[in-house]
Amino acid sequence: MKLILLGAPGAGKGTVAKMLTAIDGSVQISTGDILRGEVQAGSELGRKAEEYMNKGDLVPDSLIMGIMEKRLQQPDCAQGFLLDGFPRTIPQAEALKELLARIDITLDMVVSIEVPRDVILDRLTTRRTCANSACQAIYNVKSSPPQKEGVCDKCGSPVIQRDDETVAAINHRLETYNQKTAPLVGFYEKEGLLKSITGTSSDAVVNTIKSELGM
Ligand code: ADP
Ligand code: ZN
């Protein structure tokens, strides 16, 4: 399947994407994960991105498009992909449309995951992430803590609160989402690709996506 997952930070895009990869071998492409990997590796791209990310600001479109142009042409994308956290602005969506036409890829659907703001805020402040850039497993101190406090179940690395998950940075990210990313819902509605799904259960979101795709 070739999908874009839209939704505010904390809406569950990453969780839904991971569940969908298990269905048909499509790959999850998270620009946030890629960027955090670059920051940890200390690459030039990572150094450029880090200051924006720590403030909860968006990384410039040109950097993101450079990453995605390469990523979407890697062989593992042929089977399908789930775009998680990209596109995030109208210019990114326009550039993606042009890129997909050029490399002859057709999207199946754009899913907008709608979750109430109080649920989002609660999830983001209680979210913890594995510090190992190759893992980045996600935990929640209330609903799904690691078995041993502060230690990743999957790889044993420390489980930490991201620098951009302080209350101030979270509020700023939500504001940025409303201003810059929410307009993509209208963009993809016009393209005839949009499916909005309201729901706080990732299982239910995945089931709706499967039935929309006739799976
Ligand atoms: P969340 O969806 O929970 O906000 P992500 O992991 O998707 O978190 O992104 C973390 C940060 O990485 C963003 O706040 C932003 O700085 C940067 N980022 C990720 N994807 C993009 C994108 N498509 N365009 C611009 N910046 C991005
Ligand atoms: Zn881990």
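Treat the numbers as computed from the prediction; the structure is a model and nothing was measured. Every number for a ligand or one of its atoms is a count from 1 in the order of the listing.
Within ligand 1, the atoms closer than 4.0 Å to a non-hydrogen atom of P9 are 1 (P), 2 (O), 3 (O), 4 (O), numbered from 1 in the order shown. Listed by number with element, the atoms of ligand 1 under 4.0 angstrom from any heavy atom of K13 are 2 (O). Every atom of ligand 1 with a heavy atom of Q92 under 4.0 Å away is listed here by number and element: 22 (C), 23 (N), 24 (N), 25 (C). When each atom of ligand 1 is checked for a heavy atom of T31 under 4.0 Å away, the hits are 19 (C), 20 (N), 21 (C), 23 (N).
In summary, K195 and E189 do not engage in a salt bridge, as defined by a charged side-chain N under 4.0 Å from a carboxylate O.
The shortest separation from a heavy atom of R36 to ligand 1 is under 4.0 Å, placing the residue in contact. Assignment of R127 to the shell around ligand 1 is supported, since a heavy atom sits closer than 4.0 Å.
Comparing heavy-atom distances from atom 2 (O) of ligand 1 across H172, R173, R88 singles out R88 as nearest.
Remark: the backbone N or O of M109 is not paired with any side-chain donor or acceptor of Y188 at under 3.5 angstrom. With D108 contributing its side chain and K2 its backbone, the two residues share a donor-acceptor pair below 3.5 Å. In this structure, Q136 contributes its side chain and R36 its backbone to no donor-acceptor pair below 3.5 Å. Here the side chain of E94 pairs no donor or acceptor atom with the backbone of I90 at under 3.5 angstrom.
Of the heavy atoms in D57, only backbone atoms (N, CA, C, O) come closer than 4.0 Å to ligand 1. Contact annotation for V59 and ligand 1: heavy atoms of both the backbone and the side chain come within less than 4.0 Å of the ligand. The part of R162 lying near ligand 1 is the side chain, judged by heavy-atom distances below 4.0 Å. Neither the backbone nor the side chain of K55 comes within contact range of ligand 1; no heavy atom lies under 4.0 Å. When heavy-atom distances to ligand 1 are checked against a 4.0 Å cut-off, L58 comes that close through both its backbone and its side chain.
Residue K97 qualifies as open at atom NZ: its count of foreign heavy atoms under 6.0 Å is 12 or below. Counting heavy-atom neighbours within 6.0 Å of K210 NZ, excluding the residue itself, gives a total of 12 or less.
Among all protein heavy atoms, the one lying closest to atom 17 (C) of ligand 1 is L35 CD1, 3.6 Å. The nearest heavy-atom contact from the protein to atom 11 (C) of ligand 1 is M53 CE, 4.0 Å.
Across all their heavy atoms, L35 and A49 have their closest contact at CD2-CB, 3.9 Å. Considering every non-hydrogen atom in both N54 and A169, the closest pair reads O-CB, 4.4 Å.
Here L20 contributes atom CG and D24 contributes atom CG; the two are 8.0 Å apart, rounded to the nearest 0.5 Å.
The distance criterion of under 3.5 Å between nitrogen or oxygen atoms is not met by Y52 with respect to ligand 1.
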